[in-house]
Structures are given as C-alpha cells and as structure tokens.
Amino acid sequence: FEGEPLTGLQLMGPLETRALDFRDVVILSASEGSFPARGATPSFIPPELRLAFSLPTYRSKDAIWAYYFFRLIARAEQVWMVYDSRTEGLNTGEESRYIKQLRYAYDGKYIDLKEHAVRSDISASADTPDNIPKTAEDLEKIRSMTFSASSVQDYIACPARFYYKKIKDIKAPDSVGEGLDASQFGSVGHEVLKGIYPPGPVTAEYLKAVLAGEDQIREKVYARIRDILKTLEVEGSDLIEAEAIVAFICKVVERDLERLSQGGALTIESSEQAYTCQLCGHRFYGVIDRLDSPAANILRVVDYKTGKDNPEVLLLSDAAPVFHGSHCADHKAALQFYIYDRMVEPLRKGRRLLNAMYAKNSIFA
C-alpha cells in the first residue's frame with residue numbers, strides 16, 4: 001500500500017488511532033481472540049501478586065482495548081467490521097465482543113447496524129495451467145503408491161495440491177505453535193480412547209468404573225499434551241482444550257454405556273489398527289479408530305471425529321456430493337468410511353457391516 005499522512009490509504013494498529021478522528025474505518029479480523037487480542041503479556045509476576053500490589057492485570061488490558069475501539073469509532077460516519085465466521089479446527093468463528101456490545105447497547109438508538117454474510121469460492125488465476133504435465137516417472141509413482149483416504153480427499157479438493165504433495169514430495173514446512181492444533185487435539189483423544197477400549201468384551205460395569213475414574217482420564221490427557229508440547233505443565237488455553245478432550249472421551253463412554261444398559265452387547269475387535277485393501281487397481285491403507293461388534297451378526301466400523309464432521313453424511317445415497325461441488329470437504333467422511341468398509345470386508349464372515357461416527361459436534365446432543 002502506498003500513501004502518506006495526508007493522502008492515500010493509511011494502515012495502522014489500534015494504538016496509533018487514539019489521537020485521530022476518522023470518517024470511515026475498516027477493522028479487519030474483528031473476531032473474538034483477534035480483536036481484542038487473546039492472551040496476557042508474558043510475565044514472571046503471578047496474577048495474585050499483580051492484584052495485591054495494584055499492578056496491571058488482564059482486566060486492565062481488556063479495558064485498554066475497549067478504550068482503543070470506542071475511541072476509534074467515536075466520530076466515524078461509517079465503520080466496517082469484518083470477521084471470519086467459519087468454525088474450523090479450534091477456531092470458533094465468533095464475532096468480537098465489541099460487535100455484541102454495539103448490537104445490544106446501541107443498535108437502533110445511536111447507530112444503524114447492518115449485518116451481511118459473504119461467501120467466496122477461491123478460483124484459479126487466469127495464468128494457472130489447466131493441466132500439469134505428468135512424466136513417465138510420475139505415472140509410475142502413482143501406480144506404485146499406497147493411498148490413504150486423506151490423499152484421495154486431497155486430490156478431490158485440489159489435484160495440484162495432491163500432485164505437489166504426494167507425487168513431488170513437496171510439503172509445507174513444520175510450524176511451531178504455542179498450543180495444540182486441530183490434529184494434535186484429535187490425536188490426544190484417540191490415544192486415550194485406545195487405552196480405554198482394548199480388544200475383548202466390554203461390560204457395563206467396566207464402563208461405569210471408567211467414568212468414575214474421570215481424574216485418571218484427565219491425567220492421561222494432560223500427560224499426552226505435555227509430551228506433545230514438550231512442556232512440564234499444561235496451562236493457558238491448553239487447559240480448556242484438555243477439558244474439552246476429557247468431556248468428549250467421557251461422552252463416548254457414556255454413549256456406549258447407554259447401549260449396554262439397554263441390553264446391548266459390545267466386543268472390541270481392534271483399536272487404532274492399520275488395514276489395507278485393493279480398489280480400482282490401487283492399494284489403500286488406513287488406521288481404523290475402532291472395529292467392534294455390538295451383536296453376533298454385526299461388524300461395526302467406528303470413527304471418532306473431533307472436528308466439524310456431521311454423522312448425517314453416512315446416510316448419503318448419492319456419491320455426487322463427495323466428488324463434486326464446493327462442499328466436498330463437508331462429505332469427506334463418507335468416502336473415508338467407504339474405503340474402510342472395503343478394508344474390513346474379509347473380516348465380515350457373513351456379518352452385517354455398519355458404520356458409526358462419534359462426532360464432537362453431535363455426540364452431546
């Protein structure tokens with residue numbers, strides 16, 4: 001962006017706006033956690049001592065940000081606040097608290113607040129080639145590859161990404177984060193559940209004992225998080241994530257206990273075990289979270305979902321949403337279960353094959 005103090009587009013942070021009045025203001029990233037910023041300033045002084053000696057605390061920081069915001073818009077004629085409403089991974093898609101304050105305190109009195117939801121599908125640029133030429137070596141590698149469900153989903157979502165990632169082995173650099181990311185969140189829950197459900201019959205008494213020992217589940221979750229983050233203590237927002245994992249694990253156990261309490265049965269055949277199969281002349285592999293038998297004539301493929309997956313995709317009667325359109329990602333679990341079902345086909349032995357998804361978004365409903 002080019003500009004100078006009197007003309008052009010000016011970019012600045014909240015701090016620099018305090019002594020200026022604006023006619024038009026655009027606030028980007030007006031999501032809770034970004035505006036106001038999340039987290040406290042690192043310090044060796046604990047909050048209790050700060051409070052006792054009248055030092056600034058997180059409440060002071062909240063007050064400062066609120067002052068920045070309301071001072072910024074005080075004399076503005078038009079204000080745009082843009083936030084990301086998508087719920088992906090650990091992002092909640094929540095609007096800033098200041099938007100809520102404006103809506104409930106001032107809308108219709110001092111301001112005219114309008115809300116718009118905008119969706120934009122990113123398309124390729126004009127100079128992007130329609131086809132990437134594949135060499136004989138590329139084709140040979142494709143024929144010899146062992147595919148996973150996620151690799152096929154990569155191809156459906158973006159063939160170019162599949163080509164560079166799987167064929168050319170060009171991967172994004174590892175990033176170091178301060179807390180758990182979405183994949184780590186899921187892996188912690190999967191590993192603890194694997195220990196709760198070893199192969200063999202499961203009784204209602206056993207599951208009741210597991211729920212009674214919730215503190216033991218919590219300690220296993222904390223231990224795994226400490227191992228992943230290479231830290232001695234689980235703190236900050238990771239405490240919230242840890243409790244969410246514990247709640248999800250307990251709810252999975254509760255759902256199975258409900259089944260057993262109603263006279264059902266449950267036998268675990270495998271947990272977090274890898275399987276393979278041949279499909280369309282290609283080799284596929286996958287790690288099935290749980291393979292169990294709720295009855296003598298039923299074999300069930302179970303998957304734990306800590307993302308935004310919806311169990312309703314298992315009711316699809318048409319494959320089109322999985323492969324076509326802008327919502328393929330919403331139906332990716334259907335393709336995953338289809339591949340898993342082919343993998344366990346030799347284990348059916350005349351039994352009826354069922355699929356079950358323990359999804360975080362619906363298991364509490």
Side-chain angles (χ1 to χ4, degrees), residues 148-150 183-224 227 244-277 284-307 309 311 313-314 333-334 336-365:
S148 64
S150 62
S183 63
Q184 292 169 337
F185 182 96
S187 67
V188 172
H190 281 65
E191 290 189 27
V192 176
L193 282 165
K194 178 183 178 181
I196 292 176
Y197 289 97
V202 177
T203 63
E205 289 70 22
Y206 168 74
L207 295 183
K208 290 177 182 178
V210 170
L211 290 175
E214 182 177 328
D215 287 341
Q216 296 178 355
I217 297 176
R218 182 173 289 103
E219 180 51 42
K220 291 177 181 177
V221 169
Y222 279 39
R224 184 62 191 133
D227 184 52
I245 297 172
V246 172
F248 174 72
I249 292 172
C250 291
K251 187 58 67 171
V252 169
V253 176
E254 286 179 20
R255 291 299 187 211
D256 288 331
L257 182 58
E258 288 175 10
R259 176 185 292 272
L260 294 178
S261 299
Q262 295 169 0
L266 184 62
T267 301
I268 306 300
E269 302 205 0
S270 69
S271 290
E272 301 293 334
Q273 185 168 325
Y275 293 89
T276 61
C277 70
F284 285 78
Y285 82 95
V287 177
I288 298 178
D289 294 345
R290 190 170 106 193
L291 196 63
D292 65 28
S293 177
N297 63 335
I298 294 176
L299 179 64
R300 194 171 67 146
V301 177
V302 177
D303 203 76
Y304 308 123
K305 294 294 187 184
T306 54
D309 299 86
V313 301
L314 300 183
Q336 179 185 7
F337 273 100
Y338 174 81
I339 295 174
Y340 286 175
D341 289 350
R342 305 290 78 74
M343 291 176 178
V344 301
E345 192 69 34
L347 305 176
R348 287 183 63 176
K349 299 177 182 177
R351 291 179 289 182
R352 181 186 176 198
L353 190 60
L354 293 181
N355 298 144
M357 185 193 298
Y358 289 69
K360 184 184 71 172
N361 283 356
S362 60
I363 195 172
F364 292 90

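- Contact record, Ala359 with Phe248: C-CE1, 4.2 Å, taken as the closest heavy-atom pair.
- A salt bridge is defined here as a Lys NZ or Arg NE, NH1 or NH2 lying under 4.0 Å from an Asp or Glu carboxylate O, and Glu191 with Lys194 fails to meet this definition.
- To the nearest 0.5 Å, atoms CZ (Arg352) and CG (Leu299) are separated by 12.0 Å.
- Atom CZ of residue Arg255 and atom CG of residue Leu207 lie 13.5 Å apart, to the nearest 0.5 angstrom.
- Interatomic distance, CG of Leu291 versus CG of Asp303, reported as 11.5 Å (0.5 Å rounding).
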- Query: Which is it for Cys250 and Glu214 under the side chain to side chain contact (heavy atoms under 4.5 Å, CB included) test, yes or no, and what are the steps along the way?
  - Reply: CA-CA 8 Å; Cys250 291; Glu214 182 177 328; 3.9 Å; yes
- What do the steps show when you test Lys305 against Gln336 for side chain to side chain contact (heavy atoms under 4.5 Å, CB included), and what is the final call? CA-CA 12 Å; Lys305 294 294 187 184; Gln336 179 185 7; 2.5 Å; yes
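- Summarising the local packing, CD of Glu219 is surrounded by more than 12 heavy atoms from other residues, nucleotides or ligands at distances under 6.0 Å.
- The neighbour count for Tyr222 OH, taken as heavy atoms of other residues, nucleotides or ligands under 6.0 Å away, is above 12.
- Here the side chains of Glu345 and Cys277 are not in contact, with every heavy-atom distance at 4.5 Å or above.
- Distance CZ/Phe185 to NE2/His190: 11.0 Å, rounded to 0.5 Å.
- Between Glu269 and Arg351 there is a salt bridge, since at least one side-chain N of the basic residue sits less than 4.0 Å from a carboxylate O of the acidic one.
- What you find for Tyr206 and Gly195 is that their closest heavy atoms are OH-O, 4.3 Å.
- Atoms CD and CG, from Gln262 and Leu257 in turn, are 10.0 Å apart once rounded to the nearest 0.5 Å.
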- Task: Could you walk me through whether Tyr304 and Thr306 pass the side chain to side chain contact (heavy atoms under 4.5 Å, CB included) test, one step at a time?
- Result: CA-CA 7 Å; Tyr304 308 123; Thr306 54; 5.6 Å; no
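- Heavy atoms only, all atoms of each residue included: Gly286 and Tyr340 are closest at CA-CE2, 4.1 Å.
- Judged by the 6.0 Å distance and 45° axis criteria, Arg290 is positioned over the aromatic ring of Tyr197.
- The two residues Thr203 and Leu260 make their nearest non-hydrogen contact at C-CD1, 3.6 Å.
- In this structure the side chain of Asp292 never reaches within 4.5 angstrom of the side chain of Thr267, judged on heavy atoms.
- Across all their heavy atoms, Gly307 and Lys360 have their closest contact at O-CE, 4.2 Å.
- Summarising the geometry, atom OH belonging to Tyr358 is positioned 3.5 Å from atom CG belonging to Asp256; distances are rounded to the nearest 0.5 Å.
- Residues Met357 and Val313 meet the side-chain proximity criterion, which asks for heavy atoms closer than 4.5 Å.
- At a threshold of 4.5 Å between non-hydrogen side-chain atoms, the residues Leu266 and Ile268 count as touching.
- Residue Phe364 comes nearest to Lys251 through the heavy atom pair CD2-CE, 3.6 Å, listed as atom of the first residue, atom of the second, then distance.
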- Candidate pair Val192 and Ile245, rule side chain to side chain contact (heavy atoms under 4.5 Å, CB included), full reasoning: CA-CA 10 Å; Val192 176; Ile245 297 172; 5.9 Å; no
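- Between Val210 and Ile217, the closest side-chain pair of non-hydrogen atoms falls below 4.5 Å.
- Proximity of Asp289 to Leu193: side-chain heavy atoms (C-beta onward) are nowhere separated by under 4.5 Å.
- Ion pairing between Glu205 and Lys208 fails under the 4.0 Å rule for side-chain N and carboxylate O.
- Ile196 is listed as a side-chain neighbour of Ile249, based on a closest heavy-atom distance under 4.5 Å.
- Using modelled atom types, no side-chain atom of Arg348 and backbone atom of Val344 make a donor-acceptor pair closer than 3.5 Å.
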